There are 2 protein chains.
Amino acid sequence: MTVNHRRGPYVCGIDAAMDVVSGKWKSLILWELNSHGTRRFGELKRGLPGVSEKMLVQHLREMEEDGLIHREVYREVPPKVEYSLTEQGSSLNQALGALGEWGTGRLARIAAED
Amino acid sequence: MTVNHRRGPYVCGIDAAMDVVSGKWKSLILWELNSHGTRRFGELKRGLPGVSEKMLVQHLREMEEDGLIHREVYREVPPKVEYSLTEQGSSLNQALGALGEWGTGRLARIAAED
DNA sequence: TTCGATACTCACGTGTTGGTAAGCATCGAG
DNA sequence: CTCGATGCTTACCAACACGTGAGTATCGAA
């Protein structure tokens with residue numbers, strides 16, 4: 001019961017994708033890693049204004065477990081950990097492209113309303 | 001304060017799109033309406049096994065408010081209400097296509113693991 | 001006169017999500 | 001000998017998402 005907090009029986013592909021992306025900061029993490037290639041924990045934290053350390057860690061762990069990102073630990077002091085996209089993470093990011101464009105259009109529409 | 005439960009300040013397009021799609025049944029509602037063109041409340045309910053009436057109503061109202069779907073009421077007895085996609089809803093559905101394919105690929109990968 | 005069909009609405013409870021604030025381990029610099 | 005940097009971990013709590021089960025209005029059929 002501690003595991004299996006994901007992989008609910010999915011109705012369709014969207015379901016499966018949403019499960020992996022849902023989380024307040026996940027799409028932004030994806031974007032951040034996609035833009036910079038490789039980022040340390042602290043860099044991600046600074047790149048996502050408002051994120052709490054707890055959520056950042058939690059999201060990163062889940063995304064690693066889901067095979068979206070790679071976590072590289074350098075045994076140094078002070079510690080250094082680097083995150084990067086896996087191929088799956090990268091392709092997910094691409095798949096989010098169309099959605100992002102739709103959202104951008106929506107933002108423009110909302111702005112035009114005022 | 002009763003309104004404005006959405007439209008948080010968005011960081012990017014993905015944010016704005018996710019806001020509109022997040023909800024346990026929303027993408028399925030979109031899909032259902034896309035497949036059938038027009039559906040009555042009861043038909044949607046039967047098409048989404050497990051959905052509660054409360055959530056179905058709530059999601060439909062939010063999606064209407066977000067301009068994704070159109071709600072047509074026929075003043076008859078017993079009542080009849082038809083839902084359909086607006087142009088925005090339809091384009092959102094298209095934008096979700098890539099994500100759906102990614103998810104389908106992921107499902108295949110997961111299935112192959114066993 | 002009661003019943004069923006339809007499309008809801010409402011009160012309530014529970015599990016999940018996310019934030020806050022504190023603490024931990026290690027090393028070099030001062 | 002204390003301090004700061006880094007990457008976490010933990011306990012606690014408030015807000016929210018979602019489900020359950022009941023109730024509502026109207027009319028025709030039985």
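The chains referred to below are lettered A, B, ... by the order of the sequence lines, with proteins before strands, and numbering in each begins at 1. Just so you know, these numbers come straight off a predicted model, no measurement behind them.
Within the nucleic acid shown, R75(B) has no heavy atom closer than 4.0 Å to any nucleic acid atom. Contacts of Y74(A) with the nucleic acid, taken as non-hydrogen atoms under 4.0 Å apart, are absent. Within 4.0 Å (heavy atoms only), K45(B) reaches no atom of the nucleic acid at all.
In this structure, the NZ atom of K24(A) is 4 Å from the P atom of dG19(C), given to the nearest Å. L60(A) places its CG atom 11 Å from the C1' atom of dC8(D), with the value rounded to the nearest Å. When rounded to the nearest whole Å, the span between OH of Y83(B) and C1' of dT6(C) equals 12 Å. Atom CD of E82(B) is separated from atom P of dA7(C) by 9 Å (rounded to the nearest Å). dC10(C) atom P lies 15 Å from atom CE of M55(B), rounded to whole Å. Look at NZ on K80(A): it is 9 Å from P on dG7(D), rounded to the nearest Å. One atom, CG of L44(B), and another, P of dT6(C), lie 14 Å apart when rounded to the nearest Å. Residue E76(A) contributes atom CD, which lies 12 Å from atom P of dG28(C) at whole-angstrom precision.
Across the interface with DNA chain C, nearest-nucleotide mapping of P79(A) and Q58(A) shows Q58(A) to be the residue nearer the 5′ end. Checking R71(A) against V77(A), the closest nucleotide of DNA chain D that is more toward the 5' end is the one next to V77(A). In terms of position on DNA chain C, the residue among E53(A) and W25(A) whose nearest nucleotide sits closer to the 5' end is W25(A). Both P78(A) and H59(B) lie close to DNA chain D; mapped to their nearest nucleotides by heavy-atom distance, the more 5′-ward contact belongs to P78(A).
Side-chain N or O atoms of E65(A) include none that pairs as donor or acceptor with a backbone N or O of E62(A) at under 3.5 Å. In this structure, the side chain of S35(B) engages the main chain of W31(B) through a donor-acceptor pair within 3.5 Å. Of the possible donor and acceptor atoms, one in the side chain of D15(B) sits under 3.5 Å from a partner among the backbone N and O of V11(B).
Heavy atoms only, all atoms of each residue included: C12(B) and L28(A) are closest at SG-CD2, 3.9 Å. Counting all heavy atoms, side chain and backbone alike, R71(B) lies closest to Y83(B) at NE-OH, 3.3 Å. The shortest heavy-atom contact between L96(B) and L99(A) is CD2-CD1, 3.7 Å.
Annotation: proximity of residues 33-43 of chain B to DNA chain C (heavy atom, distance under 4.0 Å) is found for R40(B), F41(B), G42(B), numbered in ascending order.
Listed pair K54(B) / dG21(D) fails the phosphate criterion, with no side-chain N or O lying under 4.0 Å from OP1 or OP2.
In this structure, R39(A) does not pair ionically with E82(A), as no charged nitrogen and carboxylate oxygen lie closer than 4.0 Å.
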